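Reviewing the structure listed below.
Every value quoted in this text rests on a predicted model; they were computed, and no experiment measured them.
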Amino acid sequence: MLTEPAEGIPPVITRESELMDCATAIAEGAGPVALDAERASGYRYGQSAYLVQVRREGAGTWLVDPVYLPDLDPLNRAIGSGEWILHAATQDLACLRDVGLVPQQIFDTELGARLLGMPRVGLAAVIEHYLGISLAKEHSAVDWSTRPLPEPWLRYAALDVEVLGEVRNLMGADLAAQGKSEWARQEFTALLDWRPTVREDPWRRTSGLHKIRQPRVLAAVRELWWERDRIARDRDTSPGRVIPDASLVEIALADPTSAADLPRGHRAIQRSHRAWLEAVGRARSLPDEDLPPATVKSDGPPPQRSWANRDPIAAERLTETRQRLGVFAEERTIPIENVCSPDPLRRVIWTPPTETTPEAFADALASHGVRPWQREIVAPMIAEAFAAHPDT
């Protein structure tokens, strides 16, 4: 088991002068740069980085504290056009961007593992696969906003970037051997433009909301959700630590008009009773036309389970395309969803282009963000499925 960084635990950088030393060392190093970030998900509001780890051959490992150094542009300029090595890049890109770190090249070892068809793609599993080293992960869910950070946590953080460079090189060789280097290049390039999804109605992700159909009760959940979010933001804490989703639903269903009417259970119900009562009161006073609908109409095709009744031919085309995709994915040892995500596939088959040629389907897939390498594989399959199941 890998339990100690080769060069010991580096000190945490908290001063501008130390950041400049780090930037100088990274600029003078060679090869790609391994990066990672630790957040305080479940403890703090938002997804801010509370520690940034960076390592480069010839420069060693550096731990940077963005609480004290919120602008890491000197480090960003030192890396320049150098390749970043990240594991599960979409987990960290947003918080790294917030502190001024913006990649120009990316190699994502988790995504690479998926393209290679590895059965487990977590960092520890990938490191064990390539290097035969077990990586301890016992501090992955701790509160990284804690200051000072305990030494065992710092050791864990440094180890996360310790061997990423070796893994990247071995994985790159495997991708080339399997003829997947170009696939990986396109996937990694697409990550440069990745941004977190901004949801129009985030409150609709409340656990247990599917049980509610009455618009007035839905409005109460919505107002309670936004009230909880305001409290969490003011306290700089995770919304789930203010009050759990189940309690929001419970309060909305109770429709309380006084503190005595509030459900018993979670202590935050009584502690913030005024806030919850005001939120429910706002929902109660809304005119009917301002109440949220029970469901939100999607701009995409209907649920796949209804295709057989609504458009049997489209259902047959989708089934055949997925069968062809499944054979290809099995032959090339790659998850089928990495060859083509289900959503664009369903959209193109449900609402096909006027011409049902591979070129036309490729253009249609491109409009939904499907990469060139994926279009080259999938578009002919769709065209073949349409030829096998023509309109009657």
Looking at [X] and [Y], what are the two nearest heavy atoms and their distance?
X	Y	value
A78	R56	O-NH1, 4.1 Å
A259	Q270	O-NE2, 3.8 Å
L218	A294	CD1-CA, 3.4 Å
T333	Q178	OG1-OE1, 3.7 Å
P263	A254	CG-CB, 4.0 Å
A158	P10	CB-CD, 4.0 Å

Look at the side chain of [X] and the backbone N and O of [Y], then say whether any donor-acceptor pair between them is shorter than 3.5 Å.
X	Y	result
H87	L123	yes
D143	S145	yes
W276	A268	yes
S285	R282	yes
Y130	N169	no
E162	P5	no
R324	I382	no
R213	H210	yes
H129	V126	no
S298	G300	yes

Self-check item: Steps toward side chain to side chain contact (heavy atoms under 4.5 Å, CB included) verdict (R235, Y45)
Solution: CA-CA 8 Å; R235 295 180 184 172; Y45 186 83; over 6 Å; no

Pairing of [X] and [Y] as salt bridge, 4.0 angstrom limit:
X	Y	answer
D299	R347	yes
R375	D363	no
E278	R274	no
R114	E187	no
D65	R147	yes

Taking the side chain as every heavy atom from C-beta outward, state whether [X] and [Y] have any atom pair closer than 4.5 Å.
X	Y	answer
R222	T206	no
P292	R204	yes
R284	T257	yes
V52	L69	no
Q105	F188	no
I336	R322	yes
R264	I269	no
S48	D98	no

Quick one: do [X] and [Y] end up in the same hydrophobic cluster if we chain Ile, Leu, Val, Met, Phe, Trp and Tyr together by side-chain heavy atoms under 4.5 Å apart?
X	Y	answer
W226	I212	yes
V327	V339	no
L291	W225	no
F361	I313	no
V102	L75	no

With rounding to the nearest 0.5 angstrom, report the [atom1] to [atom2] distance, [X] to [Y].
X	Y	atom1	atom2	answer
R77	I26	CZ	CD1	14.0 Å
T109	I127	OG1	CD1	8.0 Å
M381	L345	CE	CG	10.5 Å
Y50	R44	OH	CZ	5.0 Å
R15	C22	CZ	SG	15.0 Å
R371	N338	CZ	CG	10.0 Å

Self-check item: Verdict with reasoning, M171 to F107, per side chain to side chain contact (heavy atoms under 4.5 Å, CB included)
Solution: CA-CA 10 Å; M171 183 175 285; F107 189 106; 3.8 Å; yes

Quiz item: Which is it for I13 and Y68 under the side chain to side chain contact (heavy atoms under 4.5 Å, CB included) test, yes or no, and what are the steps along the way?
Solution: CA-CA 9 Å; I13 294 173; Y68 295 96; over 6 Å; no

Practice problem: Please say which of L164, I79, V54, L192 ends up in a side-chain contact (heavy atoms from CB on, under 4.5 Å) with W84. | Solution: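 Testing each of L164, I79, V54, L192 against W84, the sole residue satisfying side-chain contact (heavy atoms from CB on, under 4.5 Å) is I79.
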
Quiz item: Which residue, I231, D234, L248, D229, forms the side-chain contact (heavy atoms from CB on, under 4.5 Å) with V242?
Solution: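 Testing each of I231, D234, L248, D229 against V242, the sole residue satisfying side-chain contact (heavy atoms from CB on, under 4.5 Å) is I231.
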
Quiz item: Under 30°, 30 to 60°, or over 60°: which ring-plane class applies to W183 and W373, parallel, tilted or perpendicular?
Solution: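 The arrangement is parallel - the two ring planes meet at less than 30°.
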
Quiz item: More than 12 non-hydrogen atoms from neighbouring residues, nucleotides or ligands closer than 6.0 Å to CD on E182, yes or no?
Solution: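 Yes.
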
Quiz prompt | Within 6.0 angstrom of R205 CZ, more than 12 heavy atoms from elsewhere | solution =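 No, CZ of R205 has 12 or fewer neighbouring heavy atoms, counting only those of other groups under 6.0 Å.
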
Quiz prompt | CA sep, side-chain torsions, deciding dist, call: L170, L131, side chain to side chain contact (heavy atoms under 4.5 Å, CB included) | solution = CA-CA 9 Å; L170 294 169; L131 303 177; 3.8 Å; yes

Quiz item: Would you say the side chains of D261 and S258 form a donor-acceptor pair under 3.5 Å?
Solution: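 Side chains of D261 and S258: pair found under 3.5 Å.
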
Practice problem: For the pair R55 and D36, evaluate salt bridge (Lys or Arg N to Asp or Glu O under 4.0 Å) and give the outcome as yes or no after the intermediate values. | Solution: CA-CA 9 Å; R55 178 179 178 82; D36 190 28; over 6 Å; no

Quiz item: How far apart are the C-alpha atoms of Q47 and Q91, what are their side-chain angles, what is the distance that settles it, and do they pass the side chain to side chain donor-acceptor pair (under 3.5 Å) test?
Solution: CA-CA 9 Å; Q47 296 293 322; Q91 293 184 15; over 6 Å; no

